[in-house]
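These numbers come from the heavy atoms of this one structure, side chains and all, not from hydrogens, waters or symmetry mates. Just so we're on the same page: letters track the sequence lines, and every chain starts at 1.
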There are 2 protein chains.
Amino acid sequence: MGYKYNKEDILNVGYDVFRRNGYHNVGINQILKESGIPKGSFYNFFESKEDFAQQVIRQYGETNNCWMKDFFEDCTLSPLECLKSFYSMMMNLNEEDEYSGGCLVNNMSVEIGRQNDIIGSEANHHFIGWLNVLASVVEKGQNLNEITKDFSPLELAEYMHAGFYGVLSRTKVTRNRVYMDIWLEMTFKFIQA
Amino acid sequence: MGYKYNKEDILNVGYDVFRRNGYHNVGINQILKESGIPKGSFYNFFESKEDFAQQVIRQYGETNNCWMKDFFEDCTLSPLECLKSFYSMMMNLNEEDEYSGGCLVNNMSVEIGRQNDIIGSEANHHFIGWLNVLASVVEKGQNLNEITKDFSPLELAEYMHAGFYGVLSRTKVTRNRVYMDIWLEMTFKFIQA
DNA sequence: TAAATTAAACAGAACGGTCTAATTATTTTA
DNA sequence: TAAAATAATTAGACCGTTCTGTTTAATTTA
């Protein structure tokens with residue numbers, strides 16, 4: 001028999017709580033309460049709140065990277081349509097909880113990415129990983145003359161990435177997906193060859 | 001002789017501090033210290049931290065709205081070039097402080113816009129004001145056949161707005177303007193007629 | 001002098017984090 | 001294999017600090 005608690009479960013609770021409430025608005029006690037773990041155990045697993053947040057980001061970043069790779073590997077549509085379908089799915093996921101969270105990594109970036117090097121570079125690292133996945137799909141689309149060759153795959157990936165987070169952030173105050181849907185239409189009209 | 005302190009000065013300090021540090025990471029004491037105002041005076045002027053933050057957003061939102069209107073009124077370039085020049089200037093402003101703050105209203109939106117109705121709707125209100133200013137310039141560009149008519153002025157405004165905040169947020173962790181510059185190039189290539 | 005403002009002490013709650021003790025799992029020894 | 005020793009985990013009381021906000025009194029202004 002293993003021990004009662006494991007890091008992964010606690011990290012998943014952290015993901016949920018941080019995503020919805022931000023970093024500085026969340027106390028360790030809230031994490032403890034929602035995961036049922038005692039404080040002593042928490043500090044046995046994690047050095048500090050900062051260390052915990054970093055590991056939360058890391059786990060989600062890696063999980064999401066795998067998830068994205070799988071999605072594009074399994075996608076039978078054309079590269080351009082796969083990308084569009086990917087963002088469409090992301091939007092649907094965010095609609096499910098009424099845009100109450102957005103993307104943890106983006107939220108953390110905006111809230112503390114500039115002040116906190118640990119969190120900032122962890123977030124950036126995973127962004128880069130995701131962007132490379134996107135860029136590889138963009139490149140396939142370019143090779144099929146489906147996507148514009150006026151810009152590099154990474155440039156186009158960064159463009160989509162930023163645009164998506166821009167409209168996703170916008171939902172935090174509009175609380176509807178109208179301009180997210182229009183963004184999707186516009187972007188994929190713009191980038192096609 | 002008036003009194004020693006006035007609301008506007010305190011709000012300006014709040015703007016600075018909140019923009020760089022976020023909302024929950026800032027205590028009232030920090031505002032008091034940096035503005036030199038005593039605590040008693042603060043709670044004489046403002047009901048609460050939340051009320052203060054709302055007024056900070058309001059003042060900046062209105063100031064920025066005027067500033068944008070003036071910019072576009074004074075701009076002698078074509079509508080499309082005025083818009084491009086506007087975003088270029090915004091980027092330069094953010095480069096000056098090494099992307100340490102970004103946009104207060106966007107930061108607040110992302111951090112607490114979804115949890116806090118007061119802040120969220122205040123932020124949204126000013127976003128809408130700015131978007132209308134942008135949209136009016138877009139419309140002029142469309143009338144001059146300079147900007148695509150495939151989308152409405154407001155849709156294009158929302159698109160630029162979101163994209164800009166997306167790349168601006170990205171600088172929080174990349175700490176350079178590379179993809180911001182590319183975004184500008186791409187966006188204005190895409191939206192032209 | 002009456003009202004507004006300043007000043008600082010004061011709450012009570014929440015914060016991140018530490019500490020000691022008890023319990024459980026694992027490894028070592030007999 | 002059974003007992004003993006060690007290591008890891010669990011438990012939560014507790015620490016000093018900081019948080020937002022209140023209160024009371026002194027001072028300044030109109």
Side-chain angles (χ1 to χ4, degrees), chain A residues 1-59 107-108 111-113 115-120 122, chain B residues 1-57 107-108 111-113 115-120 122:
Chain A
M1 276 279 281
Y3 288 99
K4 200 169 173 186
Y5 306 105
N6 65 80
K7 277 175 75 165
E8 202 176 328
D9 290 343
I10 306 167
L11 288 172
N12 283 331
V13 169
Y15 167 77
D16 247 28
V17 176
F18 280 142
R19 190 175 79 96
R20 271 200 281 271
N21 304 102
Y23 179 77
H24 286 296
N25 192 33
V26 168
I28 292 297
N29 286 323
Q30 191 175 345
I31 305 287
L32 306 180
K33 200 177 164 192
E34 298 208 21
S35 62
I37 192 184
K39 192 172 267 197
S41 309
F42 179 89
Y43 281 100
N44 184 48
F45 284 134
F46 308 102
E47 276 185 13
S48 63
K49 182 187 180 184
E50 185 190 50
D51 174 54
F52 176 64
Q54 184 187 8
Q55 292 195 44
V56 167
I57 294 172
R58 177 170 297 160
Q59 178 178 271
N107 295 352
M108 288 284 207
E111 187 185 343
I112 51 173
Q115 309 142 27
N116 187 315
D117 281 357
I118 302 281
I119 303 293
E122 188 72 37
Chain B
M1 276 276 280
Y3 285 100
K4 200 168 173 186
Y5 306 105
N6 65 78
K7 277 175 76 165
E8 203 177 328
D9 290 343
I10 307 167
L11 289 173
N12 283 330
V13 169
Y15 168 76
D16 246 28
V17 176
F18 281 142
R19 190 175 79 96
R20 271 201 280 271
N21 303 102
Y23 179 76
H24 286 297
N25 192 32
V26 168
I28 292 297
N29 286 323
Q30 191 175 345
I31 305 286
L32 305 181
K33 199 176 163 190
E34 299 208 22
S35 62
I37 192 185
K39 188 173 269 198
S41 308
F42 179 89
Y43 281 100
N44 186 45
F45 285 136
F46 308 101
E47 275 185 14
S48 63
K49 182 187 180 185
E50 185 191 49
D51 174 53
F52 176 64
Q54 183 186 10
Q55 291 195 45
V56 167
I57 294 172
N107 295 351
M108 288 285 207
E111 187 185 344
I112 49 172
Q115 310 142 27
N116 187 315
D117 280 357
I118 301 282
I119 303 293
E122 188 71 37

Asker: Check the pair A:I57, A:Y15 against side-chain contact (heavy atoms from CB on, under 4.5 Å), reporting the backbone distance first and the verdict last.
Answerer: CA-CA 8 Å; A:I57 294 172; A:Y15 167 77; over 6 Å; no
Asker: Is a donor from one side chain sitting under 3.5 angstrom from an acceptor on the other, for B:E50 and B:N116?
Answerer: yes
Asker: Treating B:E111 as the side-chain partner and B:H24 as the backbone partner, does any N or O pair qualify as donor plus acceptor under 3.5 Å?
Answerer: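 Yes, the answer is positive, given that a donor and an acceptor are paired below the 3.5 Å cut-off.
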Asker: In whole angstrom, what separates B:F52's CZ from D:dC19's C1'?
Answerer: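 So the two atoms are 16 Å apart, to the nearest Å.
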Asker: In sequence, state the C-alpha distance, the side-chain angles, and the governing distance for A:V26 and A:R20, and then conclude on side-chain contact (heavy atoms from CB on, under 4.5 Å).
Answerer: CA-CA 10 Å; A:V26 168; A:R20 271 200 281 271; over 6 Å; no
Asker: In terms of relative ring orientation, are A:F18 and A:F52 parallel, tilted or perpendicular, with 30° and 60° separating the classes?
Answerer: tilted
Asker: Mind calculating the distance between NZ (B:K33) and P (D:dC19) to the nearest angstrom?
Answerer: 11 Å
Asker: Could you list all N or O pairs between the protein and nucleotides 15-21 of chain C that sit under 3.5 Å apart?
Answerer:
from, atom 1, to, atom 2, distance (Å)
C:dG16, OP1, A:V26, O, 3.2
C:dG16, OP1, A:K49, NZ, 2.9
C:dG16, OP2, A:I28, N, 2.7
C:dG17, OP2, A:Y43, OH, 3.3
C:dG17, OP2, A:K49, N, 2.9
C:dG17, N7, A:K39, NZ, 3.0
C:dG17, O6, A:K39, NZ, 2.3

Asker: Strictly by modelled atom types, are B:N12 and B:E8 linked by a side-chain donor-acceptor pair under 3.5 Å?
Answerer: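 No.
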Asker: Could you work out how much the helix from C:dT1-D:dA30 to C:dA30-D:dT1 bends, comparing the axis of its first five pairs with that of its last five, to 10°?
Answerer: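 Rounded value for the end-axis angle: 10°.
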Asker: For B:L11 and B:F46, run side-chain contact (heavy atoms from CB on, under 4.5 Å): C-alpha distance rounded to whole Å, both residues' side-chain angles, the deciding distance at 0.1 Å, then the answer.
Answerer: CA-CA 10 Å; B:L11 289 173; B:F46 308 101; 3.9 Å; yes
Asker: Can you check the B:L32 CG to C:dT6 P distance for me, whole Å?
Answerer: 12 Å
Asker: Looking only at side-chain N and O atoms, does B:S41 come under 4.0 Å of OP1 or OP2 in C:dT6?
Answerer: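 So the side chain of B:S41 is within the cut-off, an N or O lying under 4.0 Å from OP1 or OP2 of C:dT6.
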Asker: We want to know whether B:Q55 and B:K7 form a side-chain donor-acceptor pair, criterion being a heavy-atom distance below 3.5 angstrom.
Answerer: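 The answer is yes; a qualifying pair exists.
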Asker: Walk me through whether A:I10 and A:V13 qualify under side-chain contact (heavy atoms from CB on, under 4.5 Å).
Answerer: CA-CA 5 Å; A:I10 306 167; A:V13 169; 5.5 Å; no
Asker: Taking CG from A:N44 and P from C:dA25, how many angstroms apart are they, rounded to a whole number?
Answerer: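 After rounding, the gap between these two atoms is 15 Å.
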Asker: What is the distance from CD1 of B:I37 to P of C:dA8, rounded to the nearest Å?
Answerer: 14 Å
Asker: How many Å lie between CG on A:N6 and P on D:dA8, as a whole number?
Answerer: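 One finds 18 Å between P of D:dA8 and CG of A:N6, rounded.
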Asker: For the pair made of CZ in B:F42 and C1' in D:dT22, what is the distance, rounded to whole Å?
Answerer: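 Checked: the CZ to C1' distance equals 14 Å.
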